[in-house]
Amino acid sequence: MCGRFNLRTNPATLVQLFLPQMDVGDVPPLPPRYNIAPTQQILAVTGDDAEHRSLRFFRWGLVPPWADSLSIGARMINARSETVAEKRSFRGPFASRRCLIPASGYYEWQASDNGGKQPIHIHRDDDGLLAMAGLWEENRKASADGAPVFSCTVLTTSANEKTAPVHDRMPVFLEGAGVDAWMDPDASSEQLQDLCRPLADERLECTPVSPKVNRAGYDDPQCIVPIKIATQRNLFDT
DNA sequence: CCAGACGTTGTT
DNA sequence: GTCTGG
DNA sequence: CCAGACGTTGTT
DNA sequence: GTCTGG
C-alpha cells in the first residue's frame, strides 16, 4: 500500500514530465518533503490532456461528498485498483476525477519475526520522479468553516518481485504513454484498469531507513538515509 | 419501506 | 448521494 | 502508514 | 482495543 511518501524534486522536472504546457516560472517553489503523511495537503496534477494540466493541492484521504466529517478521509488514503470501478465512494472519481500524484519514493513497514517493524524506503533505481495514480473528490459538508474540501486517494495494486518481500501491495505508478492514458477523460474503464499494473521489477529499489520516519512530524533528509540492519545472523557472527 | 454503510490494511 | 441489509 | 489519545466535573 | 490526528 502507500501510507507515507516523499517528494524531492524541482519545478523544472515536474513540468518536464507532467506539465509540458506550463511555464516553469508559474510553478511555486517545491521545498523537499521527506515524510508526507495522510491528512496533509499534497500536490497532484489534474487536467484532461497534456495541454490543459494544472498543479493543485489536495488533502490526502478522500472525503466523499456525503461525509460531514474530515475524519472519514483517514480511512480512504488508498483505493484498490481491482475494485475502484464499483465502490460507491470511488467510482465517481474513477470515472471523471483522476489525477497524478508525484512522488520520489514511498515507505513500507516490513514486519519482522520479533514483532517489530522496519521502515523501508522504496524508490527508483535512479531516484527519478514517479507518478502515482490518484483520484480526487470535492466535499461541501465536512469542513468547519463550510469551505469546499478537495481531497485525494492513491490507487494500489499487487506488489512486484522487488517489493513483494516487503509488502504484498504497492501504489499504481504510471509511466510513458500510461500517464496521458490515465488522464484521458474518454478512457474506458477497461483501458484504465489495464494501466493499474505493478511497476516493472527492475525500476525500484528497497532501502531500509531509520525508524525516525515513523513519526509523521519528522520531515527530514534523515528519512531516506540508508541504514545497516543488525540481522540475527550477523549478531551471532560477530 | 427505513437504517446504516460507504474503505484499506494487517492481524487474529 | 447511492447502495445494501433487514 | 504510525503515534497518541481515549473523559467529565469543578475549580483555579 | 479503537479512533483521531498528522
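Note on naming: letters A, B, ... go to the chains in the order of the sequence lines (proteins, then strands), and numbering restarts at 1 for each one.
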Asker: To the nearest Å, how far apart are Met132(A) CE and dC1(D) C1'?
Answerer: 12 Å
Asker: For dT4(E) versus dT8(D), give the span between their P atoms, rounded off to a whole number of Å.
Answerer: 14 Å
Asker: Heavy atoms from C-beta onward define the side chain here; which of dG4(D), dT9(B), dC2(D) lies closest to that of Met1(A)?
Answerer: dT9(B)
Asker: Specify the separation, in whole Å, of atom CD1 of Ile120(A) and atom P of dC1(D).
Answerer: 15 Å
Asker: Which nucleotide wins on minimum distance to the side chain of Thr156(A), given the candidates dA3(D), dT8(B), dC6(B)?
Answerer: dT8(B)
Asker: Could you measure between the two C1' atoms, the one in dG10(D) and the one in dC2(B), and give it in whole Å?
Answerer: 43 Å
Asker: The side chain of Ile77(A) is closest to which nucleotide in this list: dC1(D), dG4(D), dT9(B)?
Answerer: dC1(D)
Asker: Around atom CZ of Arg215(A), are there more than 12 heavy atoms of other residues, nucleotides or ligands at under 6.0 Å?
Answerer: no
Asker: Determine the interatomic distance between P on dT9(B) and the same-named atom on dG5(E); round to the nearest Å.
Answerer: 23 Å
Asker: Whole-Å distance between dA5(B) C1' and Phe90(A) CZ?
Answerer: 14 Å
Asker: Does dC6(B) have OP1 or OP2 sitting under 4.0 Å from an N or O in the side chain of Lys87(A)?
Answerer: no
Asker: Using the C1' atom as the reference point in each nucleotide, state the distance between dG6(E) and dC1(B) in Å, no decimals.
Answerer: 42 Å
Asker: What salt bridge (Lys or Arg N to Asp or Glu O under 4.0 Å) pairs are there with at least one residue in residues 1-27 of chain A, not counting sequence neighbours?
Answerer: Arg8(A)-Asp127(A)
Asker: How many Å lie between CE on Met76(A) and P on dA5(B), as a whole number?
Answerer: 13 Å
Asker: Which pairs with one or both residues in residues 184-210 of chain A pass ring-ring contact (aromatic ring centres under 6.0 Å, His included), sequence neighbours excluded?
Answerer: none
Asker: Leu55(A), Val154(A): one ILVMFWY side-chain cluster at the under-4.5 Å cut-off?
Answerer: yes
Asker: In whole Å, what is the span from the CG atom of Asn78(A) to the P atom of dC1(D)?
Answerer: 8 Å
Asker: Can you run down the ring-ring contact (aromatic ring centres under 6.0 Å, His included) pairs that involve residues 3-53 of chain A, sequence neighbours left out, and say none if there aren't any?
Answerer: Phe5(A)-Trp60(A)
Asker: Using a 4.0 Å heavy-atom cut-off, write out nucleotides 1-6 of chain C from 5' to 3' as B (base contacted by protein), S (sugar-phosphate only) or - (no contact).
Answerer: BBBS--
Asker: Among pairs that include at least one residue of residues 116-141 of chain A, which meet ring-ring contact (aromatic ring centres under 6.0 Å, His included), considering only residues two or more places apart or in two chains?
Answerer: Phe58(A)-Trp136(A), Tyr107(A)-His121(A), His121(A)-His123(A)
Asker: Any Lys/Arg nitrogen of Arg91(A) or Glu86(A) sitting under 4.0 Å from an Asp/Glu carboxylate oxygen of the other?
Answerer: no
Asker: Reckon Asp219(A) touches a base, only the sugar-phosphate, or nothing at all at heavy-atom distances under 4.0 Å?
Answerer: nothing
Asker: What residues form a side chain to side chain donor-acceptor pair (under 3.5 Å) with Arg169(A), not counting sequence neighbours?
Answerer: Glu82(A), Thr156(A)
Asker: Using a heavy-atom cut-off of 4.0 Å across all strands, would you classify Pro38(A) as base, sugar-phosphate, or nothing?
Answerer: base
Asker: Over all strands shown, is Tyr106(A) touching base, sugar-phosphate only, or nothing at heavy-atom distances under 4.0 angstrom?
Answerer: nothing
Asker: Look at Arg4(A) and dC2(D) and indicate whether a side-chain polar atom (N or O) is within less than 4.0 Å of OP1 or OP2.
Answerer: no
Asker: Could you please name the partner base of dG4(D), counting Watson-Crick and G-U wobble pairs only when both distances are under 3.5 Å?
Answerer: dC3(E)
Asker: Between dG4(D), dT11(B), dC2(D), which one does the side chain of Asn214(A) approach most closely?
Answerer: dC2(D)
Asker: Atom CD of Glu82(A) and atom C1' of dT8(B): how far apart are they, to the nearest Å?
Answerer: 11 Å
Asker: Answer with base, sugar-phosphate or nothing: what part of the nucleic acid does Thr83(A) contact at a heavy-atom distance below 4.0 Å?
Answerer: sugar-phosphate
